[in-house]
Undergrad: 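My structure is below; once you've seen it, I'll send some questions.
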Protein chains: 2
Amino acid sequence: MMDSSPPLRQGSPAKRAAIVGAALQVFLREGYARTSVDAIAASAGVSKRTIYDYYGDKEQLFLSTLKDTQSAQTAAFQRLLERTLGHVDDIEAALTAFGREFATEIARSAERAAVMRLMIAEASHFPALLEPTPENHSVQHALADRLAELDKQGLLDTPDPMEAAEFLGLLVTGRVNHRTWYGAVPLGDAEIARLVEGGIRIFLRAYRADA
Amino acid sequence: MMDSSPPLRQGSPAKRAAIVGAALQVFLREGYARTSVDAIAASAGVSKRTIYDYYGDKEQLFLSTLKDTQSAQTAAFQRLLERTLGHVDDIEAALTAFGREFATEIARSAERAAVMRLMIAEASHFPALLEPTPENHSVQHALADRLAELDKQGLLDTPDPMEAAEFLGLLVTGRVNHRTWYGAVPLGDAEIARLVEGGIRIFLRAYRADA
DNA sequence: AGTCAACTACACTGCACGGTGTAGTTTATG
DNA sequence: CATAAACTACACCGTGCAGTGTAGTTGACT
C-alpha cells in the first residue's frame, strides 16, 4: 500500500496559484515545446525545484494548468450565460448582448482564444486533451438549455437545441477566431462587434420563430 | 552587387519536391519545434547537408514548405469550385455537392485541416504566416464570385457576397474542424457528411432567395 | 530553544538538436 | 576521359533544456 510517490510536498494553494498563473502565461505565449520550466519558475518567483516537487514534470504541469484554466473559463461562461440569457424579452437584443459580452471577453484578455489555440496546437501530442471533459459538455448543454427555453417561449424555432447551440457558438466566435488566428493577431473592438453581430444576424435568420 | 549567398547549389526540382514532401509530413505530425531536420532528411532520403544547402535553415524550410502547400491547396480548391458550382440549376444540390466534396477532401487526406492546425499553432512565432497572401484572398473571392452569380440567377439572396462566402466556409467546415481539433482526431465519413449538410442547411435558411 | 517541513540556490548530468566543415563518392556533361 | 557540380556520410561544436541532488536558509509550531 505505497502511494505513487509524486507529492513530496503538499504545497500551499497560494504557491500553486502563482505557478499555474505563470505557467499559463508562458505556455500561451510560447507554446509547449518552446517553454522552459526555468522561465516559468522565474516568472512565478519560485525555484525550479519547487515546481518539480509540486508537479513532477513539465507535462503534468501543463495538463494541470490547462485543467485549472478550463474550469475557470467554464464557470465564467456559465455566469455570462445567466447574465445575458437568463430572462429574455427581446430575443435579438438578448443574443446581441450575449455575443457582445462574449466577444469583449475574448478581446480584452485574449486568453480564451489563446487557450483554444494552444489546445489545437498540442491536442495530438497530449491525448488527455482530446477526451471531452464533462465541463466542456456542460457548457454546450447550458447554452442549449437556454435556447430550448427560448424555443418554448416562442422566440426561437430550435428543434435540435444542441445543434443550434453549436451553430450559435460557431457563428459568434468563428470569424473572429479565424481572422485573429485564435488571438495571435489583435483586432479592433469595433471590428469584433461587427463580426459578432453579423453572426447573430445569420443565426436569427436561420432560427427565429416564424412569428 | 553580391548576391546574398544562400544558394550554394541550385538543386533539382525532384529533390526539392522530396524534401518539401517529407518536411510537410513531419511538420504536420510533430509541429515545428518538435521536428528535427535530421528526421526530415531521413524521411526524404536525403542528407541533412543537402537540406541546409537548399534552404539555409529550418525556418526557411518551414516557410517554403507551407507556401508550396498553400499554393497546391488553393489550386485544388479553385478546381473544386469550378466543378461543383460552375453551372448550377438546383441550388441545394449544388451546395451540398460542394460541401460534400470539400468534406471528403478534408476527411481523406486530413491534410488541409492539419495545415490549418499547424498555421494556427505557429502563427504567432512566424509573422510571415500572418500576412494575408493574395492566394488566400483569391479563394474567398472566387467563392464570393460564385455566390454573386447565384444571387444574380435569383437562387440566393446574398447582398454581401464576401460575407456570405465567409459564412459558407465557416458553416461547412467549422463544426468538423472543431470536433476533430483540426484533424487531430478522426471522424467517420457519415458523421462528416451529417455535419456538412447541417451547415449547408443553415446557410440556405439564411441566404436562400425568398422565392 | 529545538524540530521539522517548505523552500531556494546552485551545481551538475545527459541528451537532443541546429548548424557547420570536410573528405570522399556519385552523376552529369562536354 | 576529364572536370566540375551535386551529393552523402560523418564527425563535430555549442547550446538550451528537462530533470536531479544537495546543502543551506527560512519560518511555523511546540
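Note that this is a predicted model, so its numbers are computed, not measured. Order of the sequence lines fixes the chain letters, A, B, ..., with proteins taken first and strands second; residue numbering starts at 1 for each chain.
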Undergrad: Check whether any side-chain heavy atom of A/Lys67 sits under 4.5 Å from a side-chain heavy atom of A/Leu63, and report yes or no.
TA: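 No, too far: nothing below the 4.5 Å cut-off.
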
Undergrad: Using a 6.0 Å distance limit plus a 45 degree cone around the ring axis, check whether A/Lys58 lies over the aromatic ring of A/Tyr32.
TA: yes

Undergrad: Considering just the side-chain nitrogens and oxygens of B/Tyr54, establish if one lies under 4.0 Å of OP1 or OP2 belonging to D/dC7.
TA: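 The answer is yes; a side-chain N or O of B/Tyr54 sits under 4.0 Å from OP1 or OP2.
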
Undergrad: Summarise how protein sits on nucleotides 22-30 of chain C as a single string, 5' to 3': B when a protein heavy atom is under 4.0 Å from the base, S for sugar-phosphate-only contact, - for no contact.
TA: B--------

Undergrad: Measure from CD1 on A/Ile51 to C1' on D/dT20 and round the result to the nearest Å.
TA: 15 Å

Undergrad: Roughly, in whole Å, what's the span from OH in B/Tyr52 to P in D/dA9?
TA: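 It is 17 Å, rounded to the nearest whole Å.
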
Undergrad: Scan residues 29-37 of chain A against DNA chain D and write down, sorted by residue number, each residue with any heavy atom closer than 4.0 Å; if none is found, say none.
TA: A/Thr35, A/Ser36, A/Val37

Undergrad: Which whole-number value in Å describes the distance from A/Glu59 CD to D/dC17 P?
TA: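 So the CD-P distance, A/Glu59 to D/dC17, works out to 19 Å.
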
Undergrad: If we count only N and O atoms by modelled type, under 3.5 Å, do the side chains of B/Ser71 and B/Thr74 hold a donor and an acceptor together?
TA: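 Short answer, no.
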
Undergrad: Which of the following nucleotides, D/dG19, C/dT20, D/dC7, is nearest to the side chain of B/Lys15?
TA: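 Nearest listed nucleotide: D/dC7.
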
Undergrad: B/Lys48 has an atom NZ; how far is it from atom P of D/dA9, in whole Å?
TA: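 Roughly 13 Å, once rounded to whole Å.
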
Undergrad: Over how many whole Å does the gap from B/Ile40 atom CD1 to C/dG19 atom C1' extend?
TA: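 Spelled out: CD1 on B/Ile40 to C1' on C/dG19 is 14 Å.
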
Undergrad: Does NE2 in A/His125 sit with more than 12 non-hydrogen atoms of other residues, nucleotides or ligands closer than 6.0 Å?
TA: yes

Undergrad: How long is the line joining OH of B/Tyr55 and P of D/dA6, in whole Å?
TA: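 Whole-Å distance recorded here is 15 Å.
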
Undergrad: Whether A/Thr50 contacts C/dT8 is assessed here as follows: a side-chain N or O lying under 4.0 Å from the phosphate OP1 or OP2. Is that the case?
TA: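 For C/dT8, OP1 or OP2 has a side-chain N or O of A/Thr50 closer than 4.0 Å.
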
Undergrad: Looking at C/dG19, does its base get a donor-acceptor pair with the side chain of B/Lys58 below 3.5 Å?
TA: no

Undergrad: How many whole angstroms separate atom CG of B/Asp38 from atom P of D/dA9?
TA: 12 Å

Undergrad: Nearest whole Å is fine: how far is D/dT20 C1' from A/Asp53 CG?
TA: 10 Å

Undergrad: Got more than 12 heavy atoms from elsewhere within 6.0 Å of CZ, A/Arg100?
TA: no

Undergrad: Please determine whether salt bridge (Lys or Arg N to Asp or Glu O under 4.0 Å) holds for the pair A/Glu166 and B/Arg179, giving the CA-CA distance in whole Å, both sets of side-chain angles, and the decisive distance to 0.1 Å.
TA: CA-CA 11 Å; A/Glu166 232 182 313; B/Arg179 294 234 184 148; 2.9 Å; yes

Undergrad: Does any donor atom in the side chain of B/Glu197 or B/Thr96 lie under 3.5 Å from an acceptor atom in the other side chain?
TA: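 The answer is no; no qualifying pair exists.
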
Undergrad: Determine, using ring centers only, whether A/Phe62 and A/Phe27 are less than 6.0 Å apart.
TA: yes

Undergrad: Can you confirm if the NZ or CZ of A/Arg16 lies within 45° of the ring axis of A/Tyr55 and under 6.0 Å from the centre of its six-membered ring?
TA: yes

